[in-house]
Amino acid sequence: MAILLCSVIISIVYVSFCVYRFWVHRIVDGDTVSWAVTWILASFISYYARNTIVEGGRSNWPLVLILWWVYFTIFCSLSVSSYLVFHLRKSKELPPLPLQANTVEIVSLPFSLMISLSVVVISCTTKPTSSRHLNQPFLQKEVGSLCRDLDGFDNAGFWSRLTFQWLNPLFCTGRKQKLELGHIPSVSQSERAEHASSLFEESLKKQKFGPCSLPKAISFAIWRSLVKNGVLAGINTLASYTGPLLITSFVNFLSSKREDSSYHFGLILAFIFFFSKTMESLAQRQWYFGAQRIGVRIRAGLMALLYRKCQSIKYAGLSNGKIVNLINVDVERIGDFCTYVHGIWLLPVQVFLALVILYRNLGAAPSIAALSSTVFVMVCNTPLANMQERHHSKIMEAKDARMKVTSETLKSMKVLKLHSWELTFLKRILRLRETERSALKRYLYTCSAVAFLFWASPTLVSVATFGVCVILKVPLSAGTVLSALATFRILQEPIYNLPELISMVAQTKVSIDRVQEFLKEEDHKKLLAYQSPNPTDVAVEIEASEYAWGSGDQTLKKPTVKISEKIKIMVGYKVAVCGAVGSGKTSLLCSMLGEIPRTAGAAIRVNGTKAYVPQSAWIQTGTVRENIMFGRKLNSAFYENVVESCAMKQDMEMWSDGDLTVVGERGMNLSGGQKQRIQLARAVYSDSDVYFLDDPFSAVDAHTGTLLYKKCLLQMLSQKTVIYSTHQLEFLDAADLVLVMKDGCIIQSGKYEDLIADQQGELVRQLSAHRQSLSQVKPAQEDRTSTIKPHQASQIEVMEENSGHRVENRKLLKKTQEEESETGRVKWSVYSIFVTYAYKGALVPVVLLCQVLFQGLQMASNYWMAWATEDDRMISREKLIGVFILLSGGSSIFILGRAVLLATIAIETAQHLFLGMISSVFRAPISFFDSTPSSRILDRSSKDQSIVDTDIPYRLAGLVFALIQLLSIIVLMSQVAWQVFVLFLLILAISMWYQAYYITTARELARMVGIRKAPILHHFSESVTGAAIVRCFNREDHFFRRCLSLIDNYSRIVFHNSSSMEWLSLRINFLFNFGFFVVLIILVTLPCSVVDPSLAGLVATYGLNLNVLQAWVIWNLCNVENKMISVERILQFTNVPSEAPLVIEDSRPTPEWPYEGKIELQDLSIRYAPSLPVILKGITCTFPGEKKIGIVGRTGSGKSTLIQALFRVVEPSGGWILIDGVDICKIGLQDLRSRLSIIPQDPTLFQGNIRTNLDPLEEHSDQEIWEVLNKCHIAEMVRQDSRLLDAPGIKTKAKYEGFVLEELLTPLGSLENLFMSLC
């Protein structure tokens, strides 16, 4: 493609020169015409040969074409070189006739060199293809010949890497179909997580004799790539200063009287300008690409390293929030620093080069003035940058607080809606958002001041410099003025980047320290694994020892578990651990697993492999089979036996996909009993030696518990060692050993028969208490059963299992796996909504007017200085500097107004979007939260909202502002020759085609970045939550490999997403550089009388920034659409279907309703979706008021569905429900749910103290709260803390033996009725 393009350009140049010679001089140059015809023929042959290459798969350039390229390149090189030598020596003798270079040959030389270089590179990198020709028919793909090569960056040659041609197959695929992960090539070996993390680990191990330094480890892994990247950054900087250095010579050339022989000097200058801009573009693109590539490597390595540490840290030392912050914030910031790292040494180099140019043009004093004003602007910018950082920190703190409450609220949304508390928690989130919004205001207005200083800095520096020139009467000319202005514009970047660089260095240091501190935690918290000897007949050997949760906490006065004597558990024993709630059963099992810190004594030794079933079920996101197999190979016969013994057969038969049914986040689609049986099956399938079962029968009904006990514990595990804790004392008689716990101590141990023979023992006392509690319940039940009539029931306030509809609604299960995303372009309606959200778009025209006036006044001030300093102008120095200050000051005022108005629009728009999304989510039905993982909502309210808060408004505005600047420069250039306008229209058309070709692929890549990041965070979160289980099953390597795969999938998306931007920027950079080159040629060839030299010099000065400005336009154009995906995602959740109204004013019940609680069901039918079967089929019955009703039935029989119908979680598809004569479907949800109460199976606690957990709505007095605590027998526990009701809630469930404080106080009519329902 590059060869053909260069050939066509040379042909056009020769044809244009022939037309020019004939039009101006009426001369037909035979030599030039022959050259033009030859190149046209060569272009046709190149096009044909290119098609041959693509279709045949091998280099097949005609020999005559190669000889022509070589001949022309040598001829042009000799002609131009000899001309330069003679010209520089100022020799009056012309070179020999064949070596006299003309304009066309000077212009054509770089293109001919590119052709020759491309041919050499292709010839060297093309593999032998004889076998490919033989196999070609068998290897053809349907996607076409252009889209077959997806080898990617690794197999690309030099020219392909230089011009990013290796991305062409990806763009071709993205143009034809929607991109998927399989279409995207893998990253290089050096960017893969395993390789990068191994380099980090190797470097950290080498530092074992001193303190480990993460920066040293990172430097060890990337120093070679960083040095190469630094060379490119240096080349880019040197090339960018070539223009300001030569602009004086170019303007002086335009101002002087020229003869035909002097045109060549101008053409050489034009060529040097073009060459330097091309080198600047190539170096910049490769610099940015290299920085992104290094960033991908660092992120991948650090994420893998963090995951490895997560696996090894024990004792509940981790929190999901901390891990997510480390990955989302700290690791990303360290990776992003690669883009800024070279700015540390480039900043003084840029300032030095600028001073050299100013000294050469203006002298010492103005240069010192420019340096002083530059330092002054930097000093002024530094406190603003510090203010930015402080306000940003406050934003992050407020966002953390809001996200903490939001996360907690979403996980408890079912409880909140059933209690009608969602509005209270919504107001809490809105208060936190208001705090965040206040910090956001201060931050954005500070950004406005920084933006003003950025755009006004060239004005301030130029006023100071030219002021000194006026005072000292330093001679000024149009060339020196324009050169100085171009230099000031380049100085704008380091002035702006200094505070940002300082801030980035400080933030990166904080992030590195946080990651390094986390990596060092392992040294304090990792338990040394016991290397068990060859197993004999002893499975577990318990030594006298003490264990304590959080041993560093001074408030703990005694150990959690204290073992006073040695106990040996033999192979094949069934050991039962029993005791009252809080006696230490779970802690004893955790101490055996090594999950509790040992404070004294010897460690417990476990011989053989282990399996663990915790009391709180841990279920992975995936299929039921994947949860049971847990990364092991499938043994069909054994698998079927395990499923049968764990009572899972009937459940799997109910599911349409069987054991391939997808389980949602945290097992949200399963009942508590199903989750418990799945993790029990996982343990049994592991075929381990020792099993630790923590109350495995608590979440299942009595029938299922008995079945599990007999088939699983006594049959499948008959030859295994099993240690199980239980509250159900009927499961003790088959145990070979019973351990009785009290206050964290084993106070009795022995066989069941021996222990019950001791009438004074603790086990006998527990059995007596158990019988006494049963005797108190059974008589009351007998009295009530005599009054129950057929088809009658009473009010019930217990949800036994999660809704059966999640089992029957098989289609909803799959929706929790892959996040749905929009396809194609971001719709214009999204842009329209975003732009008009704030004040209905009234401020947008004002902002655009400010930008237009700023651009116009800035150009006017620069033109004034160039025009007024010409020799024939009689302008006083006072007037010169006065008008310049007036015009520059006016432009600065408009830029300040633009910045302030833009900040105002950004604040208002972000708030509107947030309110729309959060309000819509809180009004969504419970089914929405069942099928939508909380991570998707959190991602939108965190990452996407942050982009909307601080990013998108400035991206969108930056795009519009850059377009205005670009168009103003094109209009300025067209003042020299109207043909320039046509040229740039052509260039813009080609650029738009490139952008349209690029965006189809880039858009999907941008969408995939967010989608592929979520699984990494989810895997981290799941692994941290189930870390004890993963360690016990010895599956760390399996989970680590899964993590590496997820990281590599994310890296390949990020890598190609950033590379695609460079692909586009390079091509459009070249187009605009070529356009600038043509403009310079026109300026050189035009007579002095046709164009004003000052205007021509101004055109050349602004043209120097044309490629930078164009790159800024394209970068913003592409980034705006990529970032607007965040708005699109937020708007998706703004239009979530809502529940029924909270309040219906015309149908509000009386304050006293319900009076007695009589419930009437009339022909009630329930289905969860129109396409799903009916669950409740025409039920007609009456529940008398003030009665206690028990609803029984197997899993999926409709018990939970009936309860949910009372709360209108599911609306009836037929019939109606009356409570005390009121049709509940005709009143608002808040009026209904606030009068009912429910105790869900899954306990829920909120962040805060005990009072806020008991009374979230703050409707009851302390006396009422203490009354309920006394009735629930937990008042004594609360009084142990001196803060009483203000004591923080329970944080670690395992620490308190699974005891969880539930919502005990709800807005039910009276506390006495609630207490009776709890009993």
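Hydrogens, waters and symmetry mates play no part in the numbers below; they use all other heavy atoms, side chains included.
Checked against a 6.0 Å centroid threshold, the rings of Y307 and F1020 count as neighbours.
In this structure, D1048 does not pair ionically with R1012, as no charged nitrogen and carboxylate oxygen lie closer than 4.0 Å. By the 4.0 Å N-to-carboxylate-O rule, R1042 lies too far from E1022 to be salt-bridged with it. No salt bridge links K394 with E397; every basic N to acidic carboxylate O contact stays at or beyond 4.0 Å.
Proximity of V515 to L305: side-chain heavy atoms (C-beta onward) are nowhere separated by under 4.5 Å. Two residues are said to be in side-chain contact when any heavy atoms from C-beta on lie closer than 4.5 Å; Y997 and C172 meet this criterion. Within the 4.5 Å cutoff, the side chain of W287 has no heavy atoms near those of the L282 side chain. Between C447 and Q388, some side-chain heavy-atom pair lies under the 4.5 Å cut-off. For the pair L1005/I184, a side-chain contact is recorded, criterion being any heavy-atom separation below 4.5 Å from C-beta on. Annotation: side chain of I999 is not in contact with side chain of L1064 (no heavy-atom distance under 4.5 Å). Between I218 and I334, some side-chain heavy-atom pair lies under the 4.5 Å cut-off. Taking the side chain as every heavy atom from C-beta outward, S1059 and Q292 never approach each other to under 4.5 Å.
Listed by chain and number, the residues in a ring pair (Phe, Tyr, Trp, His ring centres under 6.0 Å) with F273 are F250 (sequence neighbours excluded). A search for ring pair (Phe, Tyr, Trp, His ring centres under 6.0 Å) contacts involving F164 returns F289, not counting sequence neighbours. Legend: residues meeting ring pair (Phe, Tyr, Trp, His ring centres under 6.0 Å) with F337, ordered by chain and number and at least two apart, are absent. Remark: E191 pairs with R293, R297 by the salt bridge (charged side-chain N to carboxylate O under 4.0 Å, His left out) rule, at least two apart or across chains. Listed by chain and residue number, D951 satisfy the salt bridge (charged side-chain N to carboxylate O under 4.0 Å, His left out) test with K1123 (two or more places apart in sequence, or in another chain). Contacts of H195 classified as side-chain hydrogen bond (donor to acceptor under 3.5 Å, both in side chains), with partners at least two apart in sequence or in another chain: none. Residues passing the ring pair (Phe, Tyr, Trp, His ring centres under 6.0 Å) test with H392 are Y443, sequence neighbours excluded. For K509, the side-chain hydrogen bond (donor to acceptor under 3.5 Å, both in side chains) criterion is met by D513, not counting sequence neighbours. A search for side-chain hydrogen bond (donor to acceptor under 3.5 Å, both in side chains) contacts involving S393 returns nothing, not counting sequence neighbours. E1036 pairs by the salt bridge (charged side-chain N to carboxylate O under 4.0 Å, His left out) definition with nothing, not counting sequence neighbours. Checked against side-chain hydrogen bond (donor to acceptor under 3.5 Å, both in side chains), S991 has no partners two or more places apart in sequence or in another chain. Evaluation of the salt bridge (charged side-chain N to carboxylate O under 4.0 Å, His left out) rule for R1067 yields no partner, not counting sequence neighbours.
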Inset, instruction - Would you check, one step at a time, whether the test side-chain hydrogen bond (donor to acceptor under 3.5 Å, both in side chains) holds for W1063 with N168? - result: CA-CA 9 Å; W1063 178 92; N168 288 351; 3.0 Å; yes
Inset, instruction - Determine, step by step, whether F1076 and F274 satisfy the side-chain contact (heavy atoms from CB on, under 4.5 Å) criterion, reporting the C-alpha distance in whole Å, the side-chain angles of both residues, the deciding distance to 0.1 Å, and the verdict. - result: CA-CA 8 Å; F1076 177 54; F274 174 70; over 6 Å; no
Inset, instruction - In sequence, state the C-alpha distance, the side-chain angles, and the governing distance for L302 and L214, and then conclude on side-chain contact (heavy atoms from CB on, under 4.5 Å). - result: CA-CA 10 Å; L302 287 180; L214 185 60; 4.0 Å; yes
Legend entry - side-chain contact (heavy atoms from CB on, under 4.5 Å) evaluation trace for L959 with Y954: CA-CA 8 Å; L959 170 62; Y954 293 94; over 6 Å; no
Inset, instruction - Tell me, with the steps shown, if S203 and K216 meet side-chain hydrogen bond (donor to acceptor under 3.5 Å, both in side chains). - result: CA-CA 8 Å; S203 179; K216 288 183 180 179; over 6 Å; no
Inset, instruction - Report the C-alpha distance between T1001 and R175 in whole Å, list the side-chain angles of each, state the deciding distance to 0.1 Å, and finish with yes or no for side-chain contact (heavy atoms from CB on, under 4.5 Å). - result: CA-CA 7 Å; T1001 299; R175 187 78 168 176; 5.7 Å; no
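The neighbour count for Q189 CD, taken as heavy atoms of other residues, nucleotides or ligands under 6.0 Å away, is above 12. More than 12 heavy atoms of other shown residues, nucleotides or ligands fall within 6.0 angstrom of atom CD in E201.
When all heavy atoms of I1016 and I1047 are compared, the pair lying nearest together is CD1-CA, 3.8 Å. The minimum heavy-atom distance linking P244 with L1104 is given by the pair N-CD1, 3.9 Å. In plain terms, the two heavy atoms of A304 and L1044 that are nearest each other are CB-CD2, 3.7 Å. Taking all atoms of both residues into account, the shortest heavy-atom contact from H1056 to R1052 is ND1-O, 2.8 Å. Shown here for C310 and F518, the closest heavy-atom pair between the two residues is SG-CZ, 3.8 Å. Of all non-hydrogen atoms in A1002 and S1060, the two that sit nearest each other are CB-OG, 4.3 Å.
Relative to the ring axis of F1040, R308 places its NZ or CZ within 45° and under 6.0 Å from the centre.
Checked by atom type and distance alone, the side chain of R940 pairs as donor or acceptor with a backbone atom of R1129 at under 3.5 Å.
Using cut-offs of 30° and 60° for the angle between ring planes, the F153 and F1055 rings count as perpendicular.
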